[in-house]
Every structure is written in C-alpha cells, then in structure tokens.
Amino acid sequence: MNGNIDAAEESVKGRDFIRAIIDEDNRTGKYEKRVHTRFPPEPNGYLHIGHAKSICLNFGLAREYGGLCNLRFDDTNPTKEESEYVESIIEDVTWLGFDWEERLFYASDYFEKLYEYAVQLIKSGDAYVCDLTAEEIRAHRGTLTEPGENSPFRDRSVEENLDLFSRMKDGEFPDGSKILRAKIDMASPNLNMRDPAIYRIKHASHHRTGAKWCVYPMYDFTHGLSDSIERITHSICTLEFEDHRPLYDWFLEKLGVYRPQQIEFARLNLSYTVLSKRKLLQLVEEGFVDGWSDPRMPTLSGLRRRGFTAESIRRFCDEVGVAKRDVVIDVARLENSIREELNRTAPRFMGVLNPLKMVITNYPEGQEEMLEAVNNPEDPEAGKRSVPFSREIFIERDDFLEDPPRKFFRLAPGREVRLRYAYFVTCTDIVKDGDGNIIEVRCSYDPATRGGDAPDGRKVKGTIHWVSAKHALDAEVRLYDRLFTRSNPMEGKSDFLASLNPDSLQVLSGCKLEPALAGAEKGGNYQFERTGYFCLDSRDAAPGKLIFNRTVPLRDSWAKMAGKEPGGKA
RNA sequence: UGGGGGAUGGUGUAAUGGCAACACACAUGGCUCUGGACCAUGCAAUUGGGGUUCGACUCCCUGUCCCCCAGCCA
C-alpha cells in the first residue's frame with residue numbers, strides 16, 4: 001500500500017546545495033554521472049520524522065537522477081542493536097514508499113573485509129594496537145586547545161601489532177584491554193584525527209553475526225569503507241560529522257580504495273517534541289508514552305498510527321528543504337501537510353464527541369427518515385450517502401450555549417440553526433439536572449427545510465453536526481496534543497521531562513458516530529465534520545469496538561476568536 | 001580563548017553580481033449547508049561595520065552571535 005509516489009510531488013523542489021553539488025559532479029563527470037546514495041540507520045531504535053528527511057533526500061535524489069539508493073544497516077555496535085529495530089526500519093522505509101530493490105546491506109556483511117583492511121593499515125604502519133585504558137587514552141588525547149601525547153604503544157613493530165590484533169580477534173583479551181588505533185597525529189587540532197580507535201574488543205553477541213566476532217570496527221572506519229565497497233557516490237549525513245570527514249577521507253586514501261564524497265546537511269528538529277533516539281528511548285522505557293508507536297511519538301510508526309499518511313510526510317520533507325543551518329521546524333507545518341492532503345481525500349462523516357441530547361418536540365414520535373449527505377465536497381467523485389434522522393439526536397455540547405457571547409453562531413435559547421443536511425431547528429427549551437447542568441435541549445423543527453434549505457430563503461448563521469440517537473454508534477475517541485509544552489523541550493537547564501504535556505492524551509468515551517462509520521477501516525482517514533481528521537486505532541480497535549485517533553483537528557477560527565486553546569479541547 | 005560549520009520576515013526555503021521571491025504562520029475582507037475548504041488583500045527579512053563595483057543577499061576585510069567536536073557510540 002502507499003507505494004506509489006505521484007509525479008506531482010517531484011515538481012515542488014527547487015535546487016538545494018546538495019543537488020547543486022551533484023549537478024556539478026555530473027557536469028565534470030566525477031562519478032561517471034552516476035548517483036548512488038544510501039540510507040544508513042543504526043538499528044538501535046525506531047525511525048522518526050528526522051530520519052524521514054534523510055530517507056526522502058537519499059531515495060529522492062536517486063530517483064530524480066536516475067540513480068540508486070541502498071538501505072544499509074550500520075550495525076557495528078552489538079550491545080545497542082536488535083533485530084526488532086531492523087524489522088521496524090524496513091517496515092517504515094517501505095511504508096514511506098521507497099524501494100531499495102535487492103540492495104539491502106549490513107555493515108556486518110563487511111566484517112571480514114573490514115578486518116582485512118585493518119590488517120592492511122597495520123602493515124603500512126598506519127595503525128597500532130594500544131594497551132592504554134579508556135581513561136588513559138582520554139588523558140592522552142589532550143583538550144580542545146592543547147595537543148595530545150603519543151601513546152607509549154604507538155611505535156610497536158608491525159609484526160607485534162599484527163600478532164596482537166590477530167589475538168584480539170581470537171578472543172585472547174578481555175573487553176577494554178586493547179584497542180586498534182589509527183596512527184595519525186596526536187597534535188591535530190581536529191580531535192578526530194588524534195589516533196582514533198578503529199577496533200575495540202567486545203565479547204558480545206551480535207544480532208546477525210552472533211558470537212563469531214569479539215572485535216568490532218568503529219563507525220569512522222566502517223562507514224567510509226562500506227560506502228566505498230558499495231560504490232556510493234554521495235554519502236549524505238548530518239552536520240555533526242563534518243569534522244569526521246577528514247578521517248573518512250584518510251582511511252580511504254591510506255587504503256587506496258574508491259572514494260565517495262561525504263556531504264553534510266542539517267538534521268531536522270521539530271517544535272514541541274524531541275528527536276533523539278536516546279530521549280525517545282527514555283520516554284518509552286520510563287513509560288511516559290505507550291511504546292515507540294504511541295500516536296504522540298514523532299516516530300514514523302507513531303505518526304502512522306496517529307493517521308499521518310506517507311504522502312503527507314514525504315511532502316513535508318520536500319517542503320522543509322535541505323540546507324546547512326540548524327533549524328527548528330514548527331510542528332504546525334507537519335499538521336498543515338496532513339490537513340492539506342486529507343481535505344482533498346478524506347470522506348466526511350458526522351461524529352459527536354461530547355454528546356448533548358436534543359429532542360425535536362414536533363417531530364413525530366417513532367418516525368425516522370434517511371437524509372442525503374455529501375461524502376466529500378472537495379471531490380465530486382466521492383458521491384453521497386444516506387444518514388438516518390429521528391426525533392432524538394445528539395449534538396456537540398460546545399454547539400449549545402445558554403447564554404451565548406457575541407459572534408456565537410450556534411444554538412442558544414430561541415435561536416434557529418441548521419442541522420447539517422437535515423432541518424432548521426429552533427431551541428424552545430432546556431432541561432437541567434439537579435445541579436443545574438444542561439442535560440437536554442428541546443427544539444422544534446421546520447419540516448419545510450428538509451435537506452437544509454429554507455424555501456422562503458431565510459438564512460441561519462450556524463450549521464451544526466448531529467447523530468441520530470437511535471442509530472448512533474458508540475465509540476472511544478482519543479485526542480492527542482503535543483507531547484511537550486515548550487517549543488524546544490531541550491532548551492534551558494531543566495530536564496526535558498519537566499516540560500512533558502500532562503494533557504497530551506485525552507480519552508473520550510461514549511462518543512456518538514453516524515452508522516456509516518461502522519465500515520471504517522484500519523488505515524483509512526476520515527473527517528468528522530467540523531471536528532478534525534480521525535483514523536481507526538490500528539492496535540486497539542476491533543470489530544464492534546470502535547476506537548478512533550484524532551490525527552489533527554480542523555482549523556477552528558471560532559476557538560481562536562473565543563480565546564481558547566489551539567488544538568481544540570472539545 | 002584550538003578546529004569545523006552556520007547566520008535572509010514570526011518560521012522555513014529561494015534568489016549565486018542585476019526588481020529580495022515562495023510556502024507556512026498572522027491580520028483583514030469576501031464566499032460558504034463544515035466558524036473547514038476556497039478567493040482577495042495586508043504585515044514582514046538580507047547579523048553589525050567597512051571595501052570592490054554602474055550595481056552586492058551574493059565577492060573581499062573585519063566584528064558579533066549561534067551550532068558541533070575531548071565515546072573503546074553512531
């Protein structure tokens with residue numbers, strides 16, 4: 001499903017600095033006019049909207065230039081990686097609509113080759129085995145402003161290094177006792193060049209290679225070589241790797257292998273959420289959310305469950321663009337992207353979230369009729385449906401006010417409004433309980449206004465939605481709001497958890513939906529008129545058990561006018 | 001006060017020596033059987049200073065501010 005990417009999406013893009021580089025490379029023939037990218041996640045967590053930007057960039061570039069894009073798992077740290085994550089990543093990239101064809105790779109596929117490259121480095125005198133402890137290495141590294149000192153093991157002979165490295169591989173030494181280092185320059189102003197680690201000892205089981213290895217290559221060594229092996233042309237990564245680029249190039253040059261070029265861009269930040277795997281993991285592990293796929297999470301699986309479509313996310317990524325400066329994108333942009341799509345595509349229904357009973361006193365008892373409603377005013381092809389009407393209906397509590405303020409166009413004592421696709425009704429009476437709460441409104445209707453138009457040309461200011469009480473479907477509806485109350489939860493000294501929004505989830509039960517919604521399907525998106533866009537919860541809904549998630553509310557200019565919260569507490 | 005990057009309206013993205021444009025947000029008006037959508041209009045920017053040039057967001061010099069780097073993480 002969702003696999004097709006329509007051509008319309010392609011035209012939106014302008015030129016960004018990466019495309020400019022590729023254009024130039026194609027002009028000069030640097031890579032024989034090939035474009036071959038890769039998306040290289042570490043399988044240590046679920047993919048989020050920030051990864052979507054990288055996925056859309058890498059796969060999008062390949063598609064635009066008639067090139068290829070690989071999916072490669074950067075799985076060089078067995079203690080953090082799990083198969084569960086590789087499965088979820090495969091699912092998410094596929095869902096987003098991209099295809100790596102037969103090019104699904106793992107850095108761990110290259111362990112043997114990488115080991116040989118390390119041996120080659122030792123032989124050429126460019127790597128050595130170091131016995132310093134982690135603390136000692138840190139002490140020898142120097143500081144940002146002071147050069148480091150050479151390791152006392154730096155001048156071991158090639159033979160000794162070869163022997164030691166081989167025994168490291170064979171499991172003779174415990175974790176942390178030895179490490180293989182590149183011999184570069186302890187005085188380099190770039191700390192990454194101060195004899196960085198290439199291989200460390202980890203007696204840990206790897207999710208793919210099991211117990212076969214007890215030495216694992218580091219990212220800096222692995223990444224460029226994996227790119228080289230796959231003959232990647234443009235290795236696109238995020239800004240924090242800028243000063244790893246000299247090292248990336250150093251390994252490839254020393255080894256004399258094919259050289260891709262690394263290009264860095266600014267990662268995506270979204271307001272009112274966090275986008276770091278570590279923080280997301282914490283939210284999951286400490287139970288602040290209900291797993292990686294909680295609809296409030298910025299993960300692709302969370303957004304999917306929330307009701308976001310792959311197309312809306314792709315479009316969002318395209319619109320946000322790619323550049324080198326740190327940015328925070330307003331989450332409103334993401335919401336706009338899904339609204340824009342769903343307005344065009346989502347069939348409309350009536351659903352009452354906070355029901356208030358209405359009795360139409362002059363409507364014959366026991367009578368019921370079917371009224372015609374438009375499925376999607378934006379799409380004539382969507383056709384029409386019938387909605388049952390009867391003497392007792394539910395309306396939204398917010399649509400009635402006993403003492404309405406100015407500019408309130410909805411129902412109030414003595415006032416006439418239109419019931420959408422039905423009749424004009426006038427409020428004649430209110431019924432309250434012992435505590436003074438309104439429990440029922442009583443109205444009279446004008447039979448001449450059937451369908452919603454008055455033959456005498458009279459107008460009403462308000463149109464409200466409704467559901468026939470007798471025919472209503474009961475449902476649970478989950479309303480979501482932003483996970484954090486602060487635009488940037490990471491800002492300032494206080495813990496990001498301190499700005500968790502306590503009202504990010506609101507569960508409504510006893511909601512009343514029009515009967516056609518019984519046919520709602522998982523994966524479908526629906527608009528509840530005047531309320532928002534909703535989808536069936538993919539995990540908890542079941543036949544006969546309607547549970548809807550609100551993807552995003554409709555814009556609500558009344559709420560804005562009335563000074564209520566944006567996001568619409570219903 | 002080492003090294004590497006970055007700075008264009010409220011938020012993003014363009015313009016690469018030639019009228020600072022587009023989107024989102026916001027505001028106002030119109031239209032409407034969704035206070036939705038749509039239409040129209042408006043608000044609003046080149047980090048400071050200097051230089052080159054007929055002409056600078058763009059090139060040069062200089063200042064300021066922001067981000068990243070001292071994992072045997074990626």
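Every chain is numbered from 1 and lettered A, B, ... according to where its sequence line falls, protein lines coming before strand lines.
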Quick one: which of [options] gets closest to the side chain of [X]?
| X | options | result |
| --- | --- | --- |
| A:Asn190 | B:G3, B:C72, B:G4 | B:G3 |
| A:Thr463 | B:G3, B:G35, B:A70 | B:G35 |
| A:Asp556 | B:G35, B:U34, B:A74 | B:G35 |
| A:Pro189 | B:G12, B:G4, B:G2 | B:G2 |
| A:Arg410 | B:G35, B:G5, B:G71 | B:G35 |
| A:Pro377 | B:A14, B:G35, B:U34 | B:U34 |
| A:Arg141 | B:U11, B:G71, B:C73 | B:G71 |
| A:Asn77 | B:C73, B:G71, B:G35 | B:C73 |
| A:Leu144 | B:G36, B:A70, B:C67 | B:A70 |
| A:Arg348 | B:G35, B:A74, B:G36 | B:G36 |

side-chain N/O [X] vs [N] OP1/OP2, d < 4.0 Å:
| X | N | result |
| --- | --- | --- |
| A:Asn44 | B:C73 | no |
| A:Arg194 | B:G71 | no |
| A:Lys324 | B:A7 | no |
| A:Arg200 | B:C73 | yes |
| A:Thr76 | B:A74 | yes |
| A:Lys560 | B:C26 | yes |
| A:Arg333 | B:A23 | no |

**Study point:** Aromatic-base stack, A:Trp558 on B:G35, cutoff 5.5 Å, angle under 30
**Key:**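 The ring of A:Trp558 is stacked on B:G35.
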Check your understanding: Which label fits B:G6, syn or anti, where anti is any glycosidic angle not within 90° of 0?
Key ->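 Anti, which is what one calls it when the glycosidic angle falls more than 90° from 0.
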At 4.0 Å (heavy atoms only), tell me whether [X] reaches a base, stays on the sugar-phosphate, or touches nothing.
| X | answer |
| --- | --- |
| A:Asp175 | nothing |
| A:Lys202 | sugar-phosphate |
| A:Val328 | sugar-phosphate |
| A:Glu529 | base |
| A:Phe408 | base |
| A:His244 | base |
| A:Asn343 | base |
| A:Ser557 | sugar-phosphate |
| A:Arg418 | base |
| A:Ala134 | base |
| A:Ile201 | nothing |
| A:Glu42 | sugar-phosphate |
| A:Leu270 | nothing |
| A:Ala266 | nothing |

Electrostatic pair [X]-[Y], nearest N-O below 4.0 angstrom:
| X | Y | value |
| --- | --- | --- |
| A:Glu230 | A:Arg38 | no |
| A:Glu514 | A:Arg385 | yes |
| A:Arg410 | A:Asp398 | no |
| A:Lys384 | A:Glu372 | yes |

Rounding to the closest angstrom, what is the interatomic distance between [N] and [M] at atom [atom1]?
| N | M | atom1 | result |
| --- | --- | --- | --- |
| B:A25 | B:C57 | C1' | 24 Å |
| B:U46 | B:G30 | C1' | 35 Å |
| B:G29 | B:A21 | C1' | 25 Å |
| B:A14 | B:C59 | P | 15 Å |
| B:G5 | B:U11 | P | 26 Å |

Distance criterion of 3.5 Å, no angle test: do you see the side chain of [X] paired donor-to-acceptor with the base of [N]?
| X | N | answer |
| --- | --- | --- |
| A:Glu264 | B:G6 | no |
| A:Arg530 | B:G35 | no |
| A:Gln527 | B:U34 | yes |

Practice item. Assign each of A:Tyr199 and A:Gly321 to its nearest nucleotide of RNA chain B by heavy atoms, then name whichever residue's nucleotide is nearer the 5' end. Key: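 The 5'-side residue here is A:Gly321.
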Would you kindly give the [atom1]-to-[atom2] distance between [X] and [N], to the nearest whole Å?
| X | N | atom1 | atom2 | answer |
| --- | --- | --- | --- | --- |
| A:Asp326 | B:G6 | CG | P | 11 Å |
| A:Glu82 | B:C73 | CD | P | 17 Å |
| A:Glu240 | B:C67 | CD | P | 15 Å |
| A:Asn336 | B:A25 | CG | P | 5 Å |
| A:Asp243 | B:C69 | CG | P | 9 Å |

Exercise for review: Take the angle between the ring planes of A:Tyr216 and A:His206 and call it parallel below 30°, perpendicular above 60°, tilted in between.
Suggested key: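 Because their plane-to-plane angle is under 30°, the rings of A:Tyr216 and A:His206 count as parallel.
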Practice item. Anything under 30° is parallel, anything over 60° is perpendicular, the rest tilted; go ahead and classify A:Phe528 against A:Phe548. Key: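 Plane angle over 60°, so perpendicular.
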Point to revise | Heavy-atom side-chain proximity of A:Leu247 to A:Pro196 below 4.5 angstrom | key: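 SC-SC contact between A:Leu247 and A:Pro196 confirmed.
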Check your understanding: Do A:Ser337 and A:Glu319 have side-chain atoms, one donor and one acceptor, less than 3.5 Å apart?
Key ->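 Looking only at side-chain atoms, A:Glu319 and A:Ser337 do not form any donor-acceptor pair under 3.5 Å.
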Exercise for review: Could you tell me whether the side chain of A:Arg418 and the main chain of A:Tyr423 form a donor-acceptor pair under 3.5 Å?
Suggested key: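 Side chain of A:Arg418 to backbone of A:Tyr423, a donor-acceptor pair under 3.5 Å: no, none is there.
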If you look only at distance, which donor and acceptor atoms sit under 3.5 Å apart when one is on a side chain in residues 183-193 of chain A and the other is two or more places apart or in another chain?
| residue | atom | partner | partner atom | Å |
| --- | --- | --- | --- | --- |
| A:Lys183 | NZ | A:Arg154 | O | 3.2 |
| A:Asp185 | OD1 | A:Ala187 | N | 2.8 |
| A:Ser188 | OG | A:Asn190 | N | 3.0 |
| A:Ser188 | OG | A:Asn190 | O | 3.2 |
| A:Asn190 | OD1 | A:Asn192 | N | 3.0 |
| A:Asn190 | ND2 | A:Asp243 | O | 2.9 |

